[in-house]
Structures are given as C-alpha cells and as structure tokens.
Amino acid sequence: FLAEVMDRDEPRAIGLVRRVAAYLETQLALGREDLTTLIALWFVEEIIDDERLLGVVEAMPVPLMHAEIREAKGWRKGRRSPNRPARTTRCPIQSASVQTVKYSPEDEMELMSRLWTPAIKDDPLKFVLFTFPWGQKGTPLEHFAGPRKWQREVLQNLADHIKANQGRVDYDTFRMATSSGRGIGKSALVSWLVIWMLTTRIGSTTIVSANSEAQLRSVTWAEITKWLSMSLNSHWFEVSATRVMPAKWLTELVERDLKMGTRYWGVEGRLWSAENPDAYAGVHNFDGVMLIYDEASGIDETIWSIAA
C-alpha cells in the first residue's frame with residue numbers, strides 16, 4: 001500500500017511512515033517493548049524491498065526502526081542476532097494480538113459477574129473506579145485516586161440517564177457535548193466510555209471519530225489502547241490499528257452460554273468525509289450503539305445530521 005501511495009503521492013507516503021514511527025515511539029514510552037518490537041519488525045519486513053521507503057525510514061530519527069532494518073538486512077544474508085529467535089511467521093503481530101483467558105475459570109466467572117451486575121454495568125462511574133488500578137503501587141495510576149470532578153459528573157449523568165430509562169421501550173438517546181481546554185482529560189473520558197460500553201453492553205457497536213485522521217490514530221486511539229491495557233479485563237479484547245474486538249474465547253463463551261450474537265460487538269475508529277456523509281448512515285444495533293466524536297468542533301455539520 002505504501003509503495004502504491006509512494007508512486008502517486010510521495011508526501012502522503014512519508015506522512016504514513018511518520019505516523020507509524022510516532023505510534024511506535026508512543027508504545028515504547030508506555031513500556032510496551034515486546035509488542036513495539038514485533039510491530040517494527042513486521043513493518044520493516046514489509047518495506048525492506050522498497051529502497052525509496054527504506055530510505056525515508058532510515059532518514060528519520062527512530063533508533064528502533066534503524067535497529068530492525070539492520071537486523072532484517074542481516075537476516076536476509078543468513079545472519080541472525082543470537083538474542084533474536086528465528087522468525088517463524090510472516091506477520092508476527094497477528095500472533096501477538098491473540099488474547100487468552102487470564103485468570104482461573106472461577107476467577108474469570110467472578111470478574112464477569114461483577115462487571116455485568118447492574119450495580120456496575122449501569123453505573124459508568126462505579127465501573128471506572130472498579131476496573132482501573134487507582135492508587136495501586138507500581139501502576140501508572142499510583143498517584144491518582146480516581147476521575148476528576150468534571151469527569152465524575154459526566155459519568156454520573158450517564159448513570160442517571162440509564163436509571164431514568166430503565167424498562168422504557170421509547171427510551172431517550174443520551175446526548176452530551178463537552179467544551180473545554182486542553183489536557184484536562186477529555187480523551188481519558190472517551191476511553192473510559194468506550195471500554196465501559198464494550199464491556200457491559202454485550203454485542204454493542206461503538207464508533208469513534210475525530211476531527212482528523214492524525215487526531216484519531218495518534219491521540220484518541222492511543223489513549224483508548226493505553227487505558228484498555230490497564231483494565232482488569234484487558235484480556236477480553238483484541239486491538240488492531242482502528243478496531244477493538246472481543247477475543248475469540250469470549251465470543252465463543254457468549255454465543256454458547258448466553259446465546260447472544262457477537263457479530264457487531266466491537267469498537268471502530270472511523271474517519272469522516274463531508275463528501276461521503278452516508279458512511280454514518282444505517283448504524284443501528286439492538287444491543288446498543290454509541291457514537292463518540294473527539295475534538296468534535298472540527299467535524300462537518302452534515303456528519304451530525306446523518307448520525308442523528
């Protein structure tokens with residue numbers, strides 16, 4: 001794909017490579033060395049035959065990518081670092097993304113019963129306080145007691161809305177817009193809502209968009225994956241570039257034991273286009289739908305009307 005773009009639009013191809021590099025640097029900063037190395041390894045193997053793209057990467061200040069390029073070139077000549085196992089798959093990231101049961105069957109069932117009980121399922125604030133390691137030593141949240149005051153208010157408003165609509169057939173849609181400055185936790189709140197919906201509304205569909213592709217991929221999606229990695233049930237889901245889906249073992253359990261469909265269960269990062277607003281039409285799911293727009297002021301009005 002990059003090679004094809006390079007032939008038609010070299011600046012765009014370079015931009016794509018820069019975003020991959022920025023993503024890798026973000027993951028490294030979060031301490032995900034193993035996963036990041038696999039992604040870099042896969043990416044370099046994809047571009048190793050294209051001297052133009054290889055030159056673009058080598059000209060960028062990304063030491064991890066440079067190391068992988070040297071390793072890939074050596075591997076092709078029959079050499080391999082004694083610290084690196086032999087490569088047994090074309091795309092190692094696929095095997096790295098597969099999730100398995102993390103706890104004992106008894107503990108797993110206990111976790112499910114807690115997360116799916118109405119006390120937590122229908123109260124996003126309680127869900128956030130229960131699911132993430134607030135105040136736990138050795139975690140990124142070691143020095144945080146919980147959400148900020150304004151975030152708690154939003155989560156509580158949603159809980160009140162759910163309570164007010166319990167049992168109603170003609171229920172009201174929850175609609176909310178938040179205007180604020182930068183760095184106060186909007187993307188964190190988005191992440192909590194996404195993970196809450198994904199966890200507690202089995203079979204539901206969540207669509208996340210932003211005012212630009214860079215915002216969606218580099219900020220919003222990075223924040224979602226960061227918080228998901230800290231959640232008690234992170235092993236329930238598998239993450240790709242712009243999707244979060246339930247793990248295979250979980251869908252099999254839900255379909256077999258709960259007799260529920262899982263075909264539309266997941267989160268999708270979706271780009272918008274004023275020229276093609278119908279991409280947001282027809283989004284419906286009996287198990288629940290959530291639409292989230294990050295940095296929404298930059299989104300065209302036609303998208304809002306179609307989504308509504």
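Put simply, the side chain of Phe132 reaches to within 4.5 Å of the side chain of Ile195, judged on heavy atoms. For the pair Leu141 and Trp227, the minimum side-chain heavy-atom distance is below 4.5 Å. Under the 4.5 Å side-chain criterion, counting only non-hydrogen atoms from C-beta, Ser191 is not in contact with Lys226. Residues Trp150 and Thr178 are in side-chain contact: their nearest non-hydrogen atoms beyond the backbone lie under 4.5 Å apart. The side-chain heavy atoms of Trp265 and Val244, taken from C-beta on, include no pair separated by under 4.5 Å. When side chains are defined from C-beta on, Glu252 does not count as touching Asp257, because their heavy atoms never get closer than 4.5 Å. Side-chain contact between Val267 and Phe237: absent, with no pair of heavy atoms (C-beta onward) separated by less than 4.5 Å.
A donor-acceptor pair under 3.5 Å is formed between the side chain of Thr251 and the backbone N or O of Lys248. Side-chain N or O atoms of Thr131 include one that pairs as donor or acceptor with a backbone N or O of Phe127 at under 3.5 Å. With hydrogens and angles ignored, the 3.5 Å screen pairs a side-chain donor or acceptor of Ser231 with a backbone N or O of Ser234. Looking only at distances, no side-chain donor or acceptor of Asp123 sits under 3.5 Å from a matching main-chain atom of Ala159. For the pair Glu223 (side chain) and Thr220 (backbone), a donor-acceptor distance under 3.5 Å is absent. With hydrogens and angles disregarded, no donor-acceptor distance shorter than 3.5 Å links the side chain of Ser204 to the backbone of Gly288. With Trp196 contributing its side chain and Arg201 its backbone, the two residues share no donor-acceptor pair below 3.5 Å. Not a single donor-acceptor pair under 3.5 Å links the side chain of His161 to the backbone N or O of Arg175. Not one N or O on the side chain of Glu268 forms a donor-acceptor pair closer than 3.5 Å with the backbone of Val208. A donor-acceptor distance shorter than 3.5 angstrom exists from the side chain of Arg152 to the backbone of Pro147, with no hydrogens or angles considered.
Here CZ of Phe286 is found 13.5 Å from OG1 of Thr205. Values are rounded to the nearest 0.5 Å. Between the CZ atom in Phe174 and the CG atom in Leu193 there is a gap of 8.0 Å [rounded to 0.5 Å]. Atom OG1 in Thr200 sits 10.5 Å away from atom CH2 in Trp116 (nearest 0.5 Å). Between atom CD1 of residue Ile120 and atom NZ of residue Lys126 there is a gap of 8.0 Å, rounded to the nearest 0.5 Å. The structure places CD of Gln156 at 9.0 Å from NZ of Lys163, a figure rounded to the nearest 0.5 Å. Here the CD1-CE distance, from Ile292 to Met197, works out to 9.0 Å after rounding to the nearest 0.5 Å.
Residues Met245 and Leu198 fall into different hydrophobic clusters, defined by Ile, Leu, Val, Met, Phe, Trp and Tyr side chains chained together at heavy-atom separations under 4.5 Å.
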Worksheet item: side chain to side chain contact (heavy atoms under 4.5 Å, CB included) between Val219 and Ser187: does it pass, once the steps are laid out?
Response: CA-CA 8 Å; Val219 181; Ser187 294; 4.0 Å; yes
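Leu158 approaches Pro124 most closely through the heavy-atom pair CD2-CG, 3.6 Å. Minimum interatomic distance between Val154 and Met176 (heavy atoms only, all atoms of both residues): CG1-SD, 3.2 Å. Heavy-atom minimum distance, Gly185 versus Gln151: O-NE2, 2.9 Å. For the residue pair Leu250 and Met112, the shortest heavy atom distance occurs at CD1-CE, 3.8 Å.
The local environment of OH in Tyr264 is sparse, with at most 12 non-hydrogen atoms from other residues, nucleotides or ligands closer than 6.0 Å. Around atom CE of Met109, no more than 12 heavy atoms belonging to other residues, nucleotides or ligands sit under 6.0 Å away.
Side chains of Asn157 and Glu153: no donor on one and acceptor on the other come within 3.5 Å. Residues Glu108 and Trp236 have side chains that bring a donor and an acceptor to within less than 3.5 angstrom of each other. Under the 3.5 Å distance criterion, with hydrogens and angles disregarded, a donor-acceptor pair is assigned to the side chains of Asn233 and Thr199.
The aromatic rings of Trp134 and Trp192 stand perpendicular to each other, their planes meeting at an angle above 60°, with 30° marking the opposite boundary.
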